[in-house]
S.K.: 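Dropping the structure in here first, questions after.
Values below: every heavy atom of this structure, side chains too, minus hydrogens, waters and symmetry copies. What you are looking at is a predicted structure, and each value in this text was computed from that prediction instead of being measured. Proteins come first, then strands; the chains are lettered A, B, ... in the order of their sequence lines, and each starts at number 1.
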Amino acid sequence: MSNPVIRCRIAPSPSGFLHIGTAKTALYNWLFARSQGGTFILRLEDTDADRTEEQYVEAMCEGIKWLGIDWDEGPQFGDEPAKGAFGPYRQSERRQLYRQEAARLLAEGKAYKCFCSKEELDVQRDLAAREKRPPRYSGKCRNLTQEEITAKGDAPYAIRFRVPEGETVVDDIIQGAVRFNNKEYDDFIIVKPNGDAVFHLAVVVDDGLMKISHVIRGDDHLTNAGRHVMLFNALGYPLPQFAHTPLVHDEQGKKFSKRLHGANILDWRADGYLPETMINYIALLGWTSEEEGREFFSLDDLKRLFTLKRLTKSPARFDRKKLDWLNGQHIRMLTPEQLFYRVLPIMQAHGLQVADRSREWLVSIVAICQEKIPTLNHIIPFTDFFFRQVTAYDEKGRQKYFQKPESLLWLQTALSALESTDAWCHDALKEAYEQAAAGTDIKIGMLVNTTRLALTGKTVGPGLYELTELLGRDEALARMKHALTFVESSGEFTT
RNA sequence: GGCCCGUUCAUCUAGGGGUCUAGGAUGCGGGAUUCUCAGUCCCGUUACAGGGGUUCGAAUCCCCUACGGGCUGCCA
């Protein structure tokens, strides 16, 4: 199902990493385009040369790629070649287009030259603020005669848009019809004295020429949309549909500060979250499924089910707890093999000696953690004991299992259960423990937890029988004896 | 200051005049899983910002107030 009419875009300003808010905008545009068989376009808003650096372009690219968002048209970006028939896709390469369109507006009297200096305007703005008046442009150059303009010679000038009288309505898919009295808008500048377009002109020219059908973006642009509608009309472009989505707030309910850990989408990768999770979670931050109660969505589900009608009006707070839960859900959806490949680099980075082990065994130790870990990074505390000797026992665990009057009995009972087990596998181990507990007044939990502490040094981890099987008979028995010595010597760790 | 947008459980939300003594999910609390839990299952917990209208009836419509946010740049 392909729909040539639906064209959406994400137009990030490459002045940093991929911010969570930008990711949300990108995601909604992408999902909408994909759900409709439309086209998704990437455009770089790098008009402000001072603030653009190639390294930022790279960083942003990495974030978008990690999320798995792909585009049909866009500039050369990372290792993606430029593609699409409406280019160029970097604003810095479209200056000529903006100038042409500005010249048209000028010729049609829909814009005018303004010779006021920046200093002059700053003074006026300050004065207005001090007198508590709305900071409006005085309109000094609005009605200059041809003679007056000619008299200016080659004095530098900006180009201002001549805001028409009347009312402007932004017919927004999310917000409904939002009305603005044009008096609220200044004659805003569309071209700087250096000839560069200002954001408002650039977006409208780009969206118009690129035949964007739906502009989905943060509602910080809602007021700007009024300006844009006027500009679309003045330039004679058909109006796109607008959808202004609420912003994402941090866990304190404040704007997501760019400095905060988590503002960069790649922070979440570093913390062990899957891209599937982030997509799913961000989608939920402002969109709900028709299917009430459903919150787990794969990428394919989302691409199919996403609708603009189900977008939410109020801003959402980022909730780490729910993200954790969702990440666990997505981890559980992977096959053990897939999970292994996701987790392997993390294990290597933490110095676990995976090279000496068989892949089959490695997949197995990952598999027994799959049901329990909330993030990929949790694989480390859940498996590190397979690779390292136990050199310390968890403090709370020690008090609970190693420092009780019965501790030695528990350990010895567990040890003989292990020694008596011939078939070293989950079921046989389970049976051995059950038998050892039966007929005594030792609770099986004590045997299990004491063993866990002896074998892993921890109180939390994968299932005991699974872990014991994979640890191997010799190693397990050695660690048990070691623990026994430790407890006998009343807490002194000896080797 | 002006204009614009928003406000349902702790959090994300459903709901758009009667079916709402407000539903779901996460969190939290309790129980179960004769092994830990950060897993799984079950049970429980809590909300229509406030005030006025309109109406037989309002979470739902209107107005005001409060609070939060945005725009008001030769930033995007």
S.K.: Verify whether the ring centers belonging to H221(A) and F199(A) lie closer than 6.0 Å.
M.R.: yes
S.K.: Searching all strands shown, indicate the nucleotide that pairs with rG29(B) (Watson-Crick or G-U wobble; both distances under 3.5 Å).
M.R.: rC43(B)
S.K.: In whole angstrom, give the distance that lies between atom CG of N327(A) and atom P of rG39(B).
M.R.: 12 Å
S.K.: Which is true for G445(A) with a 4.0 Å heavy-atom rule: it touches a base, it touches only sugar-phosphate, or it touches nothing?
M.R.: sugar-phosphate
S.K.: Just call it for C116(A): base, sugar-phosphate, or nothing, with non-hydrogen atoms closer than 4.0 Å on any strand.
M.R.: base
S.K.: Looking for any heavy atom pair under 4.0 Å, which part of the strands does P462(A) touch: base, sugar-phosphate only, or nothing?
M.R.: base
S.K.: At under 4.0 Å between heavy atoms, what does T312(A) touch on the DNA or RNA strands: base, sugar-phosphate, or nothing?
M.R.: sugar-phosphate
S.K.: Of the options L67(A), L334(A), N327(A), which is the one that meets E276(A) in a side chain to side chain contact (heavy atoms under 4.5 Å, CB included)?
M.R.: L334(A)
S.K.: With a 4.0 Å cut-off on heavy atoms, is G286(A) in touch with a base, just the backbone sugar-phosphate, or nothing at all?
M.R.: sugar-phosphate
S.K.: Between protein and nucleotides 22-29 of chain B, map the contacts as a letter string: B base, S sugar-phosphate only, - none, heavy atoms under 4.0 Å, written 5' to 3'.
M.R.: -BBBSS--
S.K.: Produce the list of close N/O pairs, under 3.5 Å, pairing protein atoms with atoms of nucleotides 4-8 of chain B; give distances to one decimal.
M.R.:
residue: rC5(B); atom: O3'; partner: Q175(A); partner atom: OE1; Å: 3.1
residue: rC5(B); atom: O2'; partner: Q175(A); partner atom: OE1; Å: 3.3
residue: rG6(B); atom: OP1; partner: K313(A); partner atom: NZ; Å: 2.5

S.K.: Nearest 0.5 Å, what's the CG-CD1 distance between L105(A) and I190(A)?
M.R.: 5.0 Å
S.K.: Taking NZ, NE, NH1 and NH2 as the nitrogens, is one of them in R43(A) or E45(A) under 4.0 Å from a carboxylate oxygen of the other?
M.R.: yes
S.K.: What do you reckon, are the aromatic ring centroids of F318(A) and W268(A) less than 6.0 Å apart?
M.R.: yes
S.K.: Students often get this wrong, so: under 4.0 angstrom with heavy atoms, is R136(A) touching a base, only sugar-phosphate, or nothing?
M.R.: nothing
S.K.: Can you find a side chain N or O atom of R332(A) that sits less than 4.0 Å from OP1 or OP2 on rU40(B)?
M.R.: yes
S.K.: Just N and O in the side chain of R320(A): are any of them under 4.0 Å from OP1 or OP2 of rA10(B)?
M.R.: no
S.K.: Which one is paired to rU60(B), where only Watson-Crick or G-U wobble pairs with both distances under 3.5 angstrom count?
M.R.: none
S.K.: Is the cationic atom of R227(A) (NZ for Lys, CZ for Arg) positioned less than 6.0 Å from the six-membered ring centroid of F161(A) and within 45 degrees of its normal?
M.R.: no
S.K.: Does NZ or CZ of R142(A) come closer than 6.0 Å to the centre of the six-membered ring of Y112(A), within 45° of the ring's axis?
M.R.: no
S.K.: Under the side chain to side chain contact (heavy atoms under 4.5 Å, CB included) test against T413(A), which residue among L411(A), L415(A), L409(A) passes?
M.R.: L409(A)
S.K.: For K183(A), answer base if it contacts any base atom (sugar-phosphate contacts may also be present), sugar-phosphate if it contacts only those atoms, and nothing otherwise; contact means non-hydrogen atoms under 4.0 Å.
M.R.: nothing
S.K.: What contact category does L464(A) fall into here, base, sugar-phosphate, or nothing, at under 4.0 angstrom with non-hydrogen atoms?
M.R.: base
S.K.: Identify the nucleotide, in any strand shown, that forms a Watson-Crick or G-U wobble pair with rG6(B), with both distances under 3.5 Å; if there is none, say none.
M.R.: rC67(B)
S.K.: Give one of base, sugar-phosphate or nothing for Q329(A), where a contact means two heavy atoms less than 4.0 Å apart.
M.R.: sugar-phosphate
S.K.: Would F306(A) and W287(A) count as a ring pair (Phe, Tyr, Trp, His ring centres under 6.0 Å) here? Give the steps.
M.R.: CA-CA 8 Å; F306(A) 187 81; W287(A) 175 83; 5.6 Å; yes
S.K.: Does the rC35(B) base have a donor-acceptor partner in the side chain of R452(A) within less than 3.5 Å?
M.R.: yes
S.K.: When all nucleic acid strands are considered with a 4.0 Å heavy-atom cut-off, which category describes H244(A): base, sugar-phosphate, or nothing?
M.R.: nothing
